[in-house]
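Counting starts at 1 for both ligands and their atoms, in listed order. This is a predicted model, so every value here is computed, not measured. Quick note: residue numbers are just sequence positions, from 1.
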Amino acid sequence: MKIAIIGLGHVGSTIAYTLQGQKEISDIFLYDKQEDKLQAEYQDLRDGLILSEYPEKNIVLNDYSALGSADILIYCPGDIKVLEHESDRLAELRVTSRITREIAPKISKSGFSGLIISITNPCDVIAGYLKELLNYPAHKIIGSGTVLDTNRLRNALIDADYDASKGMIIGEHGETQVAVIDLDLSKSQKDELLSKSRYGGWSIFNVKKYTAFGIAPSVLYILKSIWNETGQPLPVSTYDSKEDIFYSYPTILSREGVVSKVDFPLMNDLSYKEELKKSIERIRENKDTI
Ligand SMILES: NC(=O)c1ccc[n+]([C@@H]2O[C@H](COP(=O)([O-])OP(=O)(O)OC[C@H]3O[C@@H](n4cnc5c(N)ncnc54)[C@H](O)[C@@H]3O)[C@@H](O)[C@H]2O)c1
């Protein structure tokens, strides 16, 4: 499998570190506008790769002509420092939408036609913006969405001595995310669990000024689901043609991309339906600011 990563910041470099030892990966194409940083990350990666069970990897730096042959592009450029001054996701959108306008023509020109796993925030909006700018088939774009938020919810469930498998986050990777919890809990108990996933990222960010260790294995998890075609539904952000928007919902993936969104009985609950609708509207409002 040939993997490309655009944006070798905290997230991209941690993803490269997480993926480089994988047996199935033969080639890794890395891209960043900061040449010296890219070179340094490459050297640091190689210094560990030599001890891996599968050290023979073809690693290519900043060569967009190589991108055309990649199977999967992991999209994570940005400028996380923006959030040190403004905690508003729209401030980040102003920067990441500009970066995406810069990078999209390079992706198009490379002839890349594989799957895109999009991470850059606001995740749902940027996944949709990539579709638009690249004029790309929607089923080939997968936002990492609420996989990470679901991990956070599941940790909260474990901490409260509940069954972790009973919860999932859907909707926006952001403030309006919806916690679907299949346990007999009161609204305030559910809200407390939801707040752990909704604000979990911020509590890490406020101290570290970035997050990376949660998203990198989440990307590996998505990648494995694609490559091994596990058929297990993951809460990734994918396109809904009726809504004309990307948002997270349990989705089955394959090497061709999105196979189908999967309905589940709890979604018949009107309150979840209503919350999801609000979440979709928020993504749309954010999208409309571009
Ligand atoms: N979806 C999620 O669950 C999730 C989790 C964590 C972080 N994120 C997001 O991921 C993004 C990256 O976060 P980070 O901490 O790595 O940021 P960062 O600022 O550390 O790194 C971003 C990198 O992108 C590079 N870059 C910027 N413009 C570029 C361009 N035109 N071409 C190539 N490279 C370019 C920068 O040089 C930098 O190295 C942010 O939007 C962040 O909010 C998403």
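- Connection of L234 to I215 is established within a shared hydrophobic cluster, with ILVMFWY side chains joined at heavy-atom distances below 4.5 Å, either directly or through further cluster members.
- Distances below 4.0 Å separate heavy atoms of G7 from the following atoms of ligand 1: 24 (O).
- For the pairing with Y247, the side-chain hydrogen bond (donor to acceptor under 3.5 Å, both in side chains) check across D240, D124, T238 returns one residue only, D240.
- No salt bridge links K33 with E102; every basic N to acidic carboxylate O contact stays at or beyond 4.0 Å.
- Of the protein's non-hydrogen atoms, C76 O, 3.4 Å is the one closest to atom 12 (C) of ligand 1.
- Atom 8 (N) of ligand 1 has its closest protein heavy atom at N121 ND2, 3.5 Å.
- Within the 4.0 Å heavy-atom criterion, the part of E102 lying near ligand 1 is the side chain and not the backbone.
- Residue-level proximity to ligand 1 for L83 is absent, since no heavy atom of it falls below 4.0 angstrom.
- To the nearest 0.5 angstrom, I74 atom CD1 is 10.0 Å from L30 atom CG.
- Proximity of I215 to ligand 1, defined as any heavy-atom pair under 4.0 Å, is confined to the side chain (atoms from C-beta onward).
- Given atom 22 (C) of ligand 1, the protein heavy atom at minimum distance is G78 O, 3.2 Å.
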| message | Before you tell me yes or no, could you show the steps for Y221 and N151 under side chain to side chain donor-acceptor pair (under 3.5 Å), namely the whole-Å CA-CA distance, both residues' side-chain angles and the distance that decides it to 0.1 Å? | response | CA-CA 11 Å; Y221 180 60; N151 298 346; over 6 Å; no
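- A salt bridge links D191 with K187: the distance from a Lys NZ or Arg NE/NH1/NH2 to an Asp or Glu carboxylate oxygen falls below 4.0 Å.
- For atom 30 (C) of ligand 1, the nearest non-hydrogen atom from the set T14, I103, L148, T146 comes from I103.
- Qualifying side-chain contact (heavy atoms from CB on, under 4.5 Å) partners for A138, counting only residues two or more places apart in sequence or in other chains: K131, Y239.
- Among all non-hydrogen protein atoms, the one lying nearest atom 2 (C) of ligand 1 is H173 NE2, 3.4 Å.
- Ligand 1 places these atoms under 4.0 Å from at least one heavy atom of D79: 19 (O).
- Distance from atom 34 (N) of ligand 1 to its nearest protein heavy atom, with residue and atom name: K33 N, 3.2 Å.
- Scanning all protein heavy atoms for the shortest distance to atom 20 (O) of ligand 1 gives H10 ND1, 2.7 Å.
- Note on R284 versus E281: salt bridge recorded, some NZ/NE/NH1/NH2 to OD/OE distance being below 4.0 Å.
- Here the heavy atom of the protein found nearest to atom 38 (C) of ligand 1 is D32 OD2, 3.4 Å.
- Among V11, T96, L8, the residue whose heavy atom lies closest to atom 10 (O) of ligand 1 is V11.
- The contact set between ligand 1 and E92, taken as ligand atoms under 4.0 Å from a residue heavy atom, comprises 40 (C), 41 (O), 42 (C), 43 (O).
- Seen from the ring of F112, K106 does not count as a face-on cation partner, given the 6.0 Å and 45° thresholds.
- Interface of I80 with ligand 1, defined as ligand atoms under 4.0 Å from a residue heavy atom, comprises 15 (O), 17 (O), 18 (P), 19 (O), 20 (O), 42 (C), 43 (O).
- Contacts between K81 and ligand 1 below 4.0 angstrom, taking non-hydrogen atoms only, are absent altogether.
- Near G9, with a cut-off below 4.0 Å to any heavy atom, the atoms of ligand 1 are 16 (O), 20 (O), 21 (O), 23 (C), 39 (O).
- Among T211, I119, V219, D124, the residue whose heavy atom sits closest to atom 6 (C) of ligand 1 is T211.
- Taking the charged nitrogens against the carboxylate oxygens, E274 and K278 have no contact shorter than 4.0 Å, which rules out a salt bridge.
- Under 4.0 Å from ligand 1, the heavy atoms of S144 that appear belong solely to its side chain.
- Using bins of under 30°, 30° to 60° and over 60° for the plane-to-plane angle, the ring pair Y210/H10 lands in the parallel bin.
- D244 has a carboxylate O that lies under 4.0 Å from a charged side-chain N of K287, or vice versa, which qualifies the two as a salt bridge.
- Taking the six-membered ring where the residue is Trp, Y31 and Y64 present tilted rings, their angle falling between 30° and 60°.
- Of the N or O atoms in Q34, one or more lie within a sub-3.5 Å distance of an N or O in ligand 1.
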